[in-house]
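In the text below, chain A, chain B and the rest are named by the order of the sequence lines, each starting its count at 1.
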Amino acid sequence: MDDLYLILATLTFLGGFILAAVSLRSEGPGRQGLNIPIAVVGLIFQCLFLQERGELHGRCPITNGAEVLVFVSWSIVIMYLALGKAFRLSLLGVFSMPMVFLFQLIAIVYLHFADPGPRPPVSLDPWLELHAAMSLLAYGAYGLAGVAGVMYFFQDRQLKSHHPGRLFYSMPPIRYLADALVRLLVIGSVLLTIGIVAAFFMKVVPSVSHLVISGAVWLVYVLLLSIHSAKRLPPKRLSLSSIVAFAFALLTLSFL
Amino acid sequence: MSIFCLGVNHKTAPVEIRERLAFAEKAVPHHLTEICGIGNISEAVVLSTCNRVEIYGGSPDPAAALDKLVDYLEGHFSVAPGEVEFYRHEAEAAAQHLFEVTSGLDSMVLGETEIFGQVKSAYATALSAGTTARKMNKLFQQSFTVGKLVRTSTRIQQGSTSVGSAAVDLAEKIFGQLDGCRVMIIGAGEMSRTTAQSLLSRGAKSIIVSNRSFDKAEELAAELKGRAVRFDDWESCLDEVDIIVSSTSAPHAVVKHEMINRVMAGRRGHSLFLIDIAVPRDIEDEVNTIDNVYLYNIDQLQQIASEGKTRREKQIAVCRGVIEEFLKEKGIEALAGLPEGRSGGASERNQPEPSSRPLTNP
């Protein structure tokens, strides 16, 4: 049943993206109001998948790469639903849907061919659960910051080209994108800090590689924010940095 | 009883005719009362703006009412018989015309919103003059619903249609709300004034004006409630502004790449928007290569305005589709089913229908 929920969630995000893309390109009425309901439907399927997997393992379902990818996707959707409206960035959802689709597609393929099955915990540890949940929520915020960075590049290119296309008028102002990007980086770093602090209270001491990798991701983002705070990085450079940093963070997931 | 519309607009009559037919605002209630006394016209609303003069009404015999209305206009507005070709619409065509007018489809600037307020005001005048009854009340309330529907469900308002609006729209795509934006005008020409006024109307503040003739700069600064600076000093104010509008008559570039490069170093990542409406151009083209700097010249703004117009024109069919669907679903049949405006007596006039009431159950 869990794989069905994951497939439905993935199809929902793919459908949402296609609908938004067609709507943005068409001459007809816009359908941007559907972004949030579609994201909510996708989120419900994600939750059902994670619940089933959680029951299977008897703990937070982040026992393999596929589950981690779904958890990160879930975090991205949660962050968008929680912050998209506040940051006046309704299109953030549309731009993040392809990434969510891709992550979940990889997860579907992985689980189909190499599902490692149930991995019950040796002993339940709330600090471990907190560490995992906060860290992956941080990845969601970083993922959304990366998406905001891509949107900034797109809008900057449109403005510089002097030939703004149809999408230009539906996109948010670049100042809002730059502001949202910084806020998402801050939110992500706060969450990751909580996650890392929680790791020190865990019953089982994490492996050195786990600590080094988590610390490296945390350090990259904290350094980025520190440099920005001290020198006010130009938004374009900050956007590029947030995209590269998220790519690095994703890469580290494969080593965890 | 059927509804009708008679009128002229910017497409059918030149300004010389429209200005003769224009109703003086204060005289509209008097004219409305007179129109309701013509033949069997039982209800009337006059819409008189700079681009149109239209009379909407209800009568059991609209064809005869329209003929008498033409005689009335020719008699009262110094128009020779047959000099003006009025357009006439009856029943559904009249409703469709009003819906298109309210939606801005019949406006000189497609999709503009001012007409919506003008139609509302015309209806309010007729309502207080007591010349509306069920048909006009329903028709105009429907037109407001359609006007909003068209604007929210289509892209008729998307894109700029003039150089000024293109500049302002671009500024909003860079800065978002212009509330905190500071503007500098170099060269106190007419185009600068218009662009600055557009920016001010969207919330921009603290305008700095610089011009070779300081008197002119002071004059424009006073008009825009800004500050004038001498032409030799404008460079020192570059750090203070977010938007620069340049339109001097200098034969060479006034704003140079090195200048902006230096200014950007101190702006801590904040964008700068430069609008060059001078010919020959005032701002070096290379300025656009600097990060966070967006430079637009007059040709580029005109191109955007032209594309915006084309985009809006393409939306006409979509908007008409919305109107037709509305009319098909709950439009003219509901109006046709309403009781006679006058048969209900004077007390029935002047009572607007609640807009929430279902149109199919009048």
Q. Taking every heavy-atom pair that is under 4.5 Å apart, which of A:Leu238, A:Leu177, A:Ile174 has the most such pairs with chain B?
A. A:Ile174

**Q.** A:Tyr139 and A:Thr252: side chain donor to acceptor below 3.5 Å
**A.** yes

**Q.** Carboxylate-amine/guanidinium proximity below 4.0 Å for B:Arg262 and B:Glu235
**A.** yes

**Q.** When B:Asn297, B:Val293, B:Leu301 are compared by non-hydrogen pairs under 4.5 Å with chain A, the top option
**A.** B:Val293

**Q.** Contact origin within A:Gln158 toward chain B - heavy atom pairs under 4.5 Å
**A.** backbone

Q: Could you tell me whether B:Arg193 and B:Glu190 have a side-chain N and a carboxylate O separated by less than 4.0 Å?
A: yes

Q: Below 4.5 Å from any heavy atom of chain A, which atoms of B:Gln303 appear? Answer side chain, backbone, both or neither.
A: side chain

Q: Against chain A, label B:Leu295 side chain, backbone, both or neither, depending on which of its atoms sit under 4.5 Å from a heavy atom there.
A: backbone

(Q) Under a 4.0 Å threshold between the charged nitrogen and the carboxylate oxygen, would B:Lys205 count as salt-bridged to B:Asp242? (A) no

Q.
With salt bridge (Lys or Arg N to Asp or Glu O under 4.0 Å) as the test, pick out the partner of A:Asp156 among A:Arg175, A:Lys236, A:Arg237.
A. A:Lys236

(Q) Ring centres under 6.0 Å, that's the criterion: do B:Phe116 and B:Phe144 meet it? (A) yes

(Q) If we define contacts as heavy-atom pairs under 4.5 Å, which of B:Thr289, B:Ile304, B:Asn292 has the most with chain A? (A) B:Asn292

**Q.** Contact origin within B:Ile290 toward chain A - heavy atom pairs under 4.5 Å
**A.** backbone

